[in-house]
Amino acid sequence: MTSIDAMSTSAGTGGDAERRRAMLADVRDGLSRRPRELSPKYFYDERGSRLFEEITRLPEYYLTRAEREILLARSQQIVEATEARTLVELGAGSAAKTRILLAAMHAHAGSVTYVPIDVSEEFLEQTRDALEQEVPWLRVEPVVADINVAIDLPPIVDAPVLFAFLGSTIGNFDTPSAVALLRRIADHMCPSDRLLLGTDLRKDPRILDAAYNDSAGVTAEFNRNMLRVLNAELGADFSPECFAHRAFYNDAEHRIEMYLHAIGAQRVCIPGLAPIAFADGEGIRTELSFKYDRSAVEALAGAARLSVSDWFVDGQARFALSLLEPTP
Ligand code: SAH
Ligand code: AVI
């Protein structure tokens, strides 16, 4: 159980020792693949969550501003269409944009329950504290969970429920995992519940490349933070400054791929694993960030027994919010 009494934990987080064991097995598995890979969930300790917040304010990273624009324009319509009284948000982070939806729900329905789910425990605690101070009419019931493993919800008191998965975090899951995740959400949905899904749209690769290679180097620091997390959590001895950030758009696969490349040959020790030798320039893939169009979102939703009932884009068609309903 987490040290935060008022938060629930879901399968996959468990106690510290169990979490460490699971992480070690996952890291061993990922680093033995070719290309070597690590799950993007390891970006998000408290520092990583702060770095992500910094990314959302960068001039090159348009995603958050575009999604905010849609939420400002469409929240009232979404709330009127769904009559939602509970908002369950996956990968909630700081819930910065979510406040727009919550305010619209409050204006429409009065009392509102908010269930933010995130793997980043300390950051989730801060989000809850901030919301409880700022928004007195809101009941907040945070859940610490790895949504890739299971989504265990507290009993839902006020229906209907609007599930939200914003920020294009779905894009960080490969297609089979994204479908499995959407199915897990769909399994929780009653016929009158809806899912609001944020997806980044396909566009000029130069715009995408710039968004993941910002001139201030914040994304590079965010990327390298994963090695700091491995050092802190597993006692690894990565030297983050000895790995270079690389991100590029893979046009054929419609995704950004992000890597850390070894600067010079090096050997890394992680207690419990055999030493790992990196050749000069060898990479670890740390993130995929898929980009969509409407038919790709419809295909993903359809595979999870969901269908798109509304599709909203920002003024420059950079980002989409779709409202999904369970297929009868
Ligand atoms: N929804 C916010 C934050 C997006 S950043 C926004 O739109 O700006 C991605 C968030 O998902 C982070 O807060 C991270 O901690 C969380 N996250 C990433 N992988 C996760 C996982 N496997 N399970 C639960 N949360 C996860
Ligand atoms: C959280 N996720 C949707 C971000 C993205 O754009 O894929 C994470 C990120 N990676 C680099 N910059 C931002």
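Numbering of residues begins at 1 and proceeds along the displayed sequence. Whatever order the structure lists them in is the order used to number ligands and atoms, beginning at 1.
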query: Can T113 and E141 be counted as having a side-chain donor-acceptor contact under 3.5 angstrom?
result: no
query: In ligand 1, which numbered atoms sit nearer than 4.0 Å to a non-hydrogen atom of G93?
result: 13 (O)
message: List ligand 2 atoms under 4.0 Å from Y61, heavy atoms only on the residue side.
response: 4 (C), 5 (C), 6 (O), 12 (N), 13 (C)
query: Does an N or O anywhere in D118 fall below 3.5 Å from an N or O of ligand 1?
result: yes
- prompt: Which value, rounded to the nearest 0.5 Å, describes the distance between E53 atom CD and F123 atom CZ?
  reply: 4.5 Å
- prompt: Considering only protein heavy atoms, which is closest to atom 19 (N) of ligand 1, and at what distance to one decimal place?
  reply: K41 CB, 3.7 Å
message: Please check: side-chain N/O of D214 versus main-chain N/O of T219, any donor-acceptor pairing under 3.5 Å?
response: yes
message: Salt bridge or not between E83 and R85? Use side-chain N to carboxylate O under 4.0 Å.
response: no
- line: Counting from 1 in the order shown, the ligand 2 atoms closer than 4.0 Å to a non-hydrogen atom of Y44 are 1 (C), 8 (C)
query: Only one of R21, R19, R228, K41 forms a salt bridge (Lys or Arg N to Asp or Glu O under 4.0 Å) with E233, so which one is it?
result: R19
query: Short list, please: which atoms of ligand 1 are under 4.0 Å from a heavy atom of D146?
result: 21 (C), 22 (N), 23 (N)
- prompt: Hey, are E46 and R50 close enough for a salt bridge, meaning a charged N less than 4.0 Å from a carboxylate O?
  reply: yes
message: Quick check on the 6.0 Å ring-centre criterion: do Y44 and F222 meet it?
response: yes
- request: Using a strict cut-off of 4.0 Å, indicate which atoms of ligand 2 neighbour a heavy atom of S168.
  value: 3 (C)
Enumerated ligand 1 atoms positioned under 4.0 Å from heavy atoms of G167: 7 (O)
query: Considering only heavy atoms, does F43 approach ligand 2 within less than 4.0 Å through its side chain, its backbone, both, or neither?
result: neither
- request: Quick one: look up the protein heavy atom nearest atom 23 (N) of ligand 1 and list residue, atom name and how far away it is.
  value: I147 N, 2.9 Å
task: Enumerate the atoms of ligand 2 whose separation from the nearest heavy atom of G167 is less than 4.0 angstrom.
output: 3 (C)
query: Cut-off 3.5 Å, side chains only: do S120 and D118 have a donor facing an acceptor?
result: no
message: Please list the nearest protein heavy atom to atom 1 (N) of ligand 1 with its residue and the distance rounded to 0.1 Å.
response: G91 O, 2.8 Å
- prompt: Would you call D204 and R206 a salt bridge, taking side-chain N to carboxylate O under 4.0 Å as the test?
  reply: yes
- prompt: Which of these, G171, S289, A211, has its nearest heavy atom closest to atom 7 (O) of ligand 2?
  reply: S289
- prompt: At what distance is the nearest protein heavy atom to atom 25 (N) of ligand 1, and which residue and atom is it?
  reply: V119 N, 3.2 Å
query: Could R33 and D29 be called an ion pair, given the rule that one side-chain N must be under 4.0 Å from one carboxylate O?
result: yes
message: Could you tell me, atom by atom, which parts of ligand 1 come under 4.0 Å of a heavy atom of K97?
response: 6 (C), 7 (O), 8 (O)
- prompt: Do L196 and L71 have side-chain heavy atoms sitting under 4.5 Å apart?
  reply: yes
query: What's the spacing between L195 CG and T82 OG1 if we round to 0.5 Å?
result: 11.5 Å
message: Between R224 and E221, does any NZ, NE, NH1 or NH2 come within less than 4.0 Å of an OD or OE carboxylate oxygen?
response: yes
- line: ligand 1 atoms nearer than 4.0 angstrom to some heavy atom of A92 are 1 (N), 2 (C)
field: Options F173, Y212, F290, ranked by nearest heavy atom to atom 12 (N) of ligand 2, top entry
entry: Y212
message: Is there a polar contact, in the sense of an N or O pair closer than 3.5 Å, between T169 and ligand 1?
response: no
- line: Ranked by distance from atom 2 (N) of ligand 2, the top protein heavy atom is N172 OD1, 2.9 Å
- request: Mark up the atoms of ligand 1 that fall under 4.0 Å of a heavy atom belonging to S120, in ascending order.
  value: 15 (O)
field: Protein heavy atom at shortest distance from atom 5 (S) of ligand 1
entry: F52 CE2, 3.4 Å
message: Under a 4.0 angstrom heavy-atom cut-off, which atoms of ligand 1 come close to A145?
response: 23 (N), 24 (C)
message: Distance under 4.0 Å to a non-hydrogen atom of L166: what atoms of ligand 1 satisfy this?
response: 7 (O)
- request: Considering heavy atoms of the protein only, find what lies nearest to atom 10 (N) of ligand 2 and give residue, atom and distance to 0.1 Å.
  value: E287 OE1, 2.6 Å
- prompt: Between E122 and Q126, do the side chains contain an N or O donor and an N or O acceptor separated by less than 3.5 Å?
  reply: no
